[in-house]
There are 2 protein chains.
Amino acid sequence: MIMAEETVFTEKQQKAARYAKAMGHPVRMYVLELLSNQSCCYSGNLSDELPIAKSTLSQHLKELKDAGLIQGEIEAPRVKYCINRANWKEAQLLFKEFLKI
Amino acid sequence: MIMAEETVFTEKQQKAARYAKAMGHPVRMYVLELLSNQSCCYSGNLSDELPIAKSTLSQHLKELKDAGLIQGEIEAPRVKYCINRANWKEAQLLFKEFLKI
DNA sequence: ATCTTTGTTCGTAATATTACGAATGATAAT
DNA sequence: ATTATCATTCGTAATATTACGAACAAAGAT
């Protein structure tokens, strides 16, 4: 996005858009739904369930991480992924406000 | 997306992802917020407020229309855009469920 | 020390997104 | 009929996304 420094957009709009973008793919929706329901999971579990290459899954997980919605901690040789509770809560609030629900 | 015919994803996940994707840009977030608050608006109003070319705005509006979140009716020579109430409600429900709020 | 397991990163390709200005279309006003 | 207004579509370019398999990295098990 180029768009002038002093944007017209509120901080909230930009944050909500960022989260929405991260949610904007079935694979990432699937992961988020799973992780928000149970505590955590291993990348391998997801890989077994999803019809995509491991490397592709890694990319999606990275996007969710970059957006701040999940976090991964190494539990060698595996990686345990969990929801990032703080940001998840923020996303909940933002969408609650935005959607007025 | 290629991914096998019989996807692992639920209808809800796919729909929610579709809506989320449409919301995943500040301009579109801005438009949605405006339209969900007031009844309707004209493309020109948006164009005045937003730091993007008219043609770019048109593209964003088309995306929101294609996702089903807004609808435009011609009121020549202008176009009046409104929220698509039915689908907006569906999106509210989907996100409510997804985010558990 | 080597092998195994697990995930990420790299290299690559196809497609989608975002953006602009110019051209076009559609209708109202003159 | 011509002109003015408003918005979309077209043509184009730069960048991002999505996907794959191969190569690599990290750490536990043998």
Side-chain angles (χ1 to χ4, degrees), chain A residues 1-5 7-9 13-14 17-32 34-35 40-67 69-82, chain B residues 1-5 7-9 13-14 17-32 34-35 40-67 69-82:
Chain A
M1 202 175 357
I2 302 183
M3 286 195 283
E5 321 75 61
T7 53
V8 168
F9 309 110
Q13 280 166 345
Q14 294 184 69
R18 183 79 184 78
Y19 286 135
K21 192 177 178 187
M23 295 175 193
H25 190 287
V27 165
R28 298 196 292 266
M29 214 61 190
Y30 181 99
V31 171
L32 286 173
L34 197 132
L35 286 183
C40 294
C41 81
Y42 295 98
S43 175
N45 306 143
L46 297 168
S47 188
D48 293 341
E49 292 161 9
L50 295 171
I52 54 170
K54 278 177 154 201
S55 53
T56 305
L57 175 59
S58 246
Q59 262 179 120
H60 283 299
L61 293 172
K62 180 166 162 34
E63 276 201 55
L64 288 173
K65 235 190 315 185
D66 290 349
L69 289 172
I70 68 169
Q71 56 201 9
E73 51 181 301
I74 294 160
E75 223 172 73
R78 298 184 294 176
V79 178
K80 190 170 77 172
Y81 281 102
C82 311
Chain B
M1 202 174 357
I2 301 183
M3 287 196 282
E5 321 75 59
T7 52
V8 168
F9 311 110
Q13 281 167 345
Q14 294 184 67
R18 183 78 184 80
Y19 286 135
K21 191 178 180 187
M23 294 176 193
H25 190 287
V27 166
R28 298 195 293 266
M29 214 60 191
Y30 181 98
V31 172
L32 286 174
L34 197 132
L35 286 184
C40 295
C41 81
Y42 295 97
S43 176
N45 305 143
L46 297 168
S47 189
D48 293 342
E49 293 160 7
L50 295 172
I52 54 172
K54 277 178 154 201
S55 52
T56 305
L57 174 59
S58 249
Q59 261 178 121
H60 283 299
L61 293 173
K62 180 167 162 33
E63 277 202 54
L64 289 173
K65 235 189 315 183
D66 290 349
L69 289 172
I70 68 170
Q71 57 202 7
E73 50 181 302
I74 293 160
E75 223 172 72
R78 299 184 294 175
V79 178
K80 191 170 76 171
Y81 280 102
C82 311

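Letters go in sequence order (proteins before strands), and every chain restarts at 1.
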Exercise. Applying side-chain contact (heavy atoms from CB on, under 4.5 Å), name anything that partners B:Ser47, two or more places apart in sequence or on another chain.
Key: B:Lys54, B:Leu57
Atom pairs, protein N/O to nucleotides 8-12 of chain D N/O, distance under 3.5 Å:
residue : atom : partner : partner atom : Å
D:dT8   : OP1  : B:Tyr81 : OH           : 2.1
D:dT8   : OP2  : B:Ser58 : OG           : 2.3
D:dT8   : O5'  : B:Ser58 : OG           : 3.1

Exercise. Round to a whole Å and report the spacing from CE of A:Met29 to C1' of D:dT18.
Key: 18 Å
Self-check item: From CZ (B:Arg18) to CG (B:Asp66), nearest 0.5 Å
Solution: 6.5 Å
Quiz prompt | A:Arg28: partners by side-chain contact (heavy atoms from CB on, under 4.5 Å), with sequence neighbours left out | solution = A:His25, A:His60, A:Glu63, A:Leu64
Practice problem: Measure the distance from CG on A:Leu50 to C1' on D:dA19 and round it to the nearest whole Å. | Solution: 14 Å
Quiz item: What does nucleotides 23-30 of chain C look like as a protein-contact string, B for base, S for sugar-phosphate only, - for none, at under 4.0 angstrom between heavy atoms?
Solution: ----SS--
Practice problem: Figure out the NZ/C1' separation between B:Lys21 and D:dA16, and round it to whole Å. | Solution: 11 Å
Quiz item: How far apart are the C-alpha atoms of B:Ser43 and B:Leu61, what are their side-chain angles, what is the distance that settles it, and do they pass the side-chain contact (heavy atoms from CB on, under 4.5 Å) test?
Solution: CA-CA 9 Å; B:Ser43 176; B:Leu61 293 173; 4.0 Å; yes
Practice problem: Starting from C1' on D:dT17, measure out to CZ on B:Arg18 and report it in whole angstrom. | Solution: 15 Å
Self-check item: By salt bridge (charged side-chain N to carboxylate O under 4.0 Å, His left out) - contacts of B:Lys65 (at least two apart)
Solution: none
Quiz item: Excluding sequence neighbours, so at least two apart, what forms ring pair (Phe, Tyr, Trp, His ring centres under 6.0 Å) with A:Tyr81?
Solution: none
Exercise. In whole angstrom, give the distance that lies between atom NZ of A:Lys80 and atom P of C:dT6.
Key: 17 Å
Quiz item: Residues two or more places apart in sequence or in another chain: which of them pass side-chain contact (heavy atoms from CB on, under 4.5 Å) with B:Glu75?
Solution: B:Tyr42, B:Lys80
Exercise. State whether A:His60 places a side-chain N or O below 4.0 Å from either non-bridging phosphate oxygen (OP1 or OP2) of D:dT17.
Key: no
Exercise. Using side chain to side chain donor-acceptor pair (under 3.5 Å) as the criterion, list what pairs up with B:Asn45, not counting sequence neighbours.
Key: none
Quiz prompt | Which residues share a disulfide bond (SG atoms under 2.5 Å apart) with B:Cys41, sequence neighbours left out | solution = none
Quiz item: How many Å lie between CD on B:Glu63 and C1' on D:dT17, as a whole number?
Solution: 13 Å
Exercise. To the nearest Å, give me how far apart OH (A:Tyr30) and P (D:dT18) are.
Key: 18 Å
Practice problem: Between C:dG21, D:dA7, C:dT6, spot the one nearest the side chain of A:Arg78, thanks. | Solution: C:dT6
Exercise. Could you check how far CD1 of A:Ile52 sits from C1' of D:dT17, rounded to whole Å?
Key: 13 Å
